[in-house]
Amino acid sequence: MTESSAVSTEIRWPGVVVVGGGATGLLTALELDGQGFAALVVEEGSLCSRQTGQSHGWLHRGGVFPDARAEDFEQLDEGARRWTELVERTGNSGAFTGCRIGGVTQSTFAAVTAAWGHLQLPYEHTATTTGACDWMIRAPESAIVPVQALRAALGDSGVALRRAEAVKLLPGRSGSTVESLLVRAGQRSFRLTADAFVLANGAGITALLPEGQLSSAVVRRLSFMLVTRTDAAMNLGVAIPEQEALGLFAVPRVSDGHRYVLLSNFISYAPTAELRHSRDNWLAGIRPTVQRFLPDLWQAKDALWGVYSAVKAEPTRQVALGVSDMALLPSPYGNVVAGVPGKLTLAPLLAERLADAVAPHTRHREAAADGLLEHLPAARWGPEEWEVTPLVRRSTLYRESGRHQP
């Protein structure tokens with residue numbers, strides 16, 4: 001007996017099932033809901049965890065991508081504006097953090113300001129209080145806490161949010177469309193029957209669609225985030241797109257009265273690499289960058305430190321340090337669409353594309369949802385990855401065995 005034939009419970013949903021409770025999936029569901037379609041989101045873990053909850057939330061407008069094209073700047077700017085509109089509609093201004101960009105060379109300064117000049121975005125010079133930087137600009141860019149923004153937006157919507165693991169797409173007799181999605185909730189399995197399906201579960205998409213079709217369109221990369229909790233945390237985010245800084249990002253967060261900073265850079269690894277070796281290599285690489293450009297943070301006596309890994313799925317890049325364009329991925333089924341945004345900034349634009357692509361395959365909200373939907377538990381929000389990352393003294397994280405480090 002196959003796994004699908006052993007399923008005893010069918011749940012009928014009168015609209016679209018969205019797999020993935022990250023930024024792309026939730027924004028797609030909001031788009032569908034706004035267009036009058038019934039949207040159900042299924043997420044295996046917590047909403048806005050995984051790839052969304054592992055990001056620092058920087059809403060790029062091109063300032064840190066000197067190799068990007070003018071059309072990349074414009075697309076990023078539009079995505080950032082969509083996020084701003086979402087936050088303004090909910091009145092949740094606390095989801096935003098102001099940001100600065102700094103550097104040491106005039107060529108980088110020229111590249112950064114050229115991107116913003118193309119977009120006619122204002123900026124202002126500010127004091128260079130950040131380590132080795134020779135210049136610093138208060139940026140027309142910001143960072144967002146996705147879980148705060150999306151939780152507020154979903155609260156007033158008709159989107160259904162359920163916790164379940166997406167196991168397998170079950171095609172109809174013709175094989176050209178999908179009839180239902182096999183999901184697992186606890187020890188029970190269900191068939192979610194719907195008009196159409198959206199796959200927005202990042203790296204998990206490859207488990208639901210034939211991988212051969214995605215091999216050239218999507219890459220998976222392993223990256224890391226350094227977390228520190230300290231009263232020396234800055235109030236504004238900082239990015240240093242210099243080559244010698246390896247594209248350093250430092251974004252502040254606040255939780256339970258404590259101040260944190262999330263630190264990352266452009267360095268990533270193949271997910272097949274040995275995790276411990278990659279982690280140690282990455283920590284060794286970011287260390288001198290933080291020491292040089294954020295010395296107050298590095299030397300803070302009260303600081304506790306931690307690190308977490310993240311495997312991300314994104315469209316194939318044409319330029320190593322360029323912008324990955326958002327992508328609708330190839331699907332063998334007429335009523336299934338899938339996509340990955342590349343950057344969190346682009347998630348609202350991709351969500352619009354996904355909703356528009358799937359809308360012709362469904363009907364406007366008419367029938368009531370199957371009462372059996374209550375067999376699936378409600379999805380929970382967060383926490384983001386940094387909130388549950390174990391923190392230790394820097395000497396422990398860097399295996400210093402208590403020896404003094406400058």
Side-chain angles (χ1 to χ4, degrees), residues 3-4 7 9-48 50 52 150 154 157-172 176-186 188-209 328-329 331-340 347 350-380:
E3 185 175 23
S4 59
V7 174
T9 306
E10 178 183 18
I11 299 175
R12 295 184 178 275
W13 178 256
V16 180
V17 172
V18 179
V19 180
T24 300
L26 294 174
L27 289 168
T28 301
L30 278 172
E31 285 282 343
L32 290 166
D33 184 64
Q35 295 178 32
F37 301 112
L40 165 64
V41 175
V42 292
E43 165 58 44
E44 178 182 359
S46 301
L47 300 171
C48 282
R50 301 182 186 271
T52 296
L150 290 166
L154 269 295
S157 75
V159 175
L161 305 171
R162 292 292 183 269
R163 185 175 185 180
E165 176 191 1
V167 177
K168 185 179 182 181
L169 292 170
L170 303 175
S176 60
T177 60
V178 166
E179 184 178 86
S180 56
L181 171 71
L182 181 66
V183 301
R184 185 179 296 116
R188 298 186 63 183
S189 294
F190 302 87
R191 281 187 299 131
L192 281 176
T193 301
D195 296 333
F197 303 84
V198 174
L199 307 183
N201 53 329
I205 292 176
T206 56
L208 297 174
L209 289 178
L328 291 180
L329 304 178
S331 167
Y333 309 112
N335 64 338
V336 176
V337 297
V340 290
L350 177 60
E352 184 178 66
R353 286 192 188 180
L354 290 168
D356 289 345
V358 81
H361 301 282
T362 190
R363 53 204 156 153
H364 282 85
R365 192 181 290 110
E366 296 174 354
D370 193 325
L372 293 175
L373 184 64
E374 298 308 314
H375 286 295
L376 299 181
R380 298 174 299 185

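What you see below is based on every heavy atom in this structure, not just the backbone, and it leaves out hydrogens, waters and symmetry mates.
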Inset, instruction - Show the numbers, then the answer: is there a side-chain contact (heavy atoms from CB on, under 4.5 Å) between V159 and L32? - result: CA-CA 9 Å; V159 175; L32 290 166; over 6 Å; no
Legend entry - Student check: side-chain heavy atoms of L47 and L150 closer than 4.5 Å: no
Inset, instruction - Kindly state each residue pair satisfying salt bridge (charged side-chain N to carboxylate O under 4.0 Å, His left out) with at least one member in residues 13-38, sequence neighbours excluded. - result: D33-R365
Inset, instruction - Decide yes or no for L169 and L199: does some side-chain heavy atom of the first lie under 4.5 Å from some side-chain heavy atom of the second? - result: yes
Legend entry - Which atom of P377 lies closest to which atom of A185, heavy atoms considered: CD-CB, 4.0 Å
Inset, instruction - Examine distances only and state if a side-chain atom of T24 and a backbone atom of A200 form a donor-acceptor pair shorter than 3.5 Å. - result: no
Inset, instruction - Could you list the residues that satisfy side chain to side chain contact (heavy atoms under 4.5 Å, CB included) with A359, not counting sequence neighbours? - result: Q35, F37
Inset, instruction - Would you check if the side chain of W13 reaches a backbone N or O of L373 as a donor-acceptor pair within less than 3.5 Å? - result: no
Inset, instruction - Please identify each residue that fulfils side chain to side chain donor-acceptor pair (under 3.5 Å) with T362, with sequence neighbours left out. - result: D195
Inset, instruction - With side-chain contact (heavy atoms from CB on, under 4.5 Å) as the test, would you mind laying out the steps for V17 and T193 before giving the verdict? - result: CA-CA 9 Å; V17 172; T193 301; over 6 Å; no
Legend entry - T177: side chain to side chain donor-acceptor pair (under 3.5 Å) partners, not counting sequence neighbours: none
Inset, instruction - Starting from the C-alpha separation in whole Å, work towards a yes-or-no answer on side-chain contact (heavy atoms from CB on, under 4.5 Å) for L209 and S331. - result: CA-CA 7 Å; L209 289 178; S331 167; 4.2 Å; yes
Inset, instruction - With sequence neighbours excluded, tell me which residues meet ring pair (Phe, Tyr, Trp, His ring centres under 6.0 Å) with Y333. - result: none
Inset, instruction - Locate the shortest heavy-atom distance separating T28 from A355; write the atom from each residue and the value. - result: CG2-N, 4.1 Å
Legend entry - Minimum heavy-atom distance T52-G22, with the two atoms named: OG1-CA, 3.5 Å
Inset, instruction - Return the minimal non-hydrogen interatomic distance between L26 and C48, and the atom names on each side. - result: CD1-SG, 3.9 Å
Inset, instruction - Could I get the full list of side chain to side chain contact (heavy atoms under 4.5 Å, CB included) partners for A196, not counting sequence neighbours? - result: V16, N335, V358, H361
Legend entry - Closest approach of E179 to F197 (non-hydrogen atoms, all atoms of both residues): O-CZ, 3.9 Å
Legend entry - Interatomic spacing from CD in E44 to CZ in R50 - rounded to 0.5 Å: 4.5 Å
Inset, instruction - Calculate, to the nearest 0.5 Å, the distance between atoms CG and CZ belonging to L376 and R188 respectively. - result: 9.0 Å
Inset, instruction - To the nearest 0.5 angstrom, please state how far the CG atom of L192 sits from the CG atom of L170. - result: 10.0 Å
Legend entry - Partners passing salt bridge (Lys or Arg N to Asp or Glu O under 4.0 Å) against R162 (at least two apart in sequence or in another chain): E374
Inset, instruction - Please round to the nearest 0.5 Å and tell me the distance separating atom CG of L27 and atom CD of E352. - result: 11.0 Å
Legend entry - Heavy-atom pair of closest approach, residues G202 and V340: CA-CG1, 4.2 Å
Inset, instruction - Kindly indicate whether the side chain of V336, heavy atoms from C-beta on, has any atom under 4.5 Å from the side chain of L208. - result: no
Inset, instruction - Could you go through the side-chain contact (heavy atoms from CB on, under 4.5 Å) check for V42 and L181 one step at a time? - result: CA-CA 10 Å; V42 292; L181 171 71; 4.3 Å; yes
Inset, instruction - State whether the side chain of E165 and the backbone N or O of V167 hold a donor-acceptor pair below 3.5 Å, judged by distance alone. - result: no
Legend entry - salt bridge (charged side-chain N to carboxylate O under 4.0 Å, His left out) contacts touching residues 16-28 (sequence neighbours left out): none
Inset, instruction - Please list, chain by chain and in numerical order, all residues satisfying side chain to side chain donor-acceptor pair (under 3.5 Å) with S176, sequence neighbours excluded. - result: S174
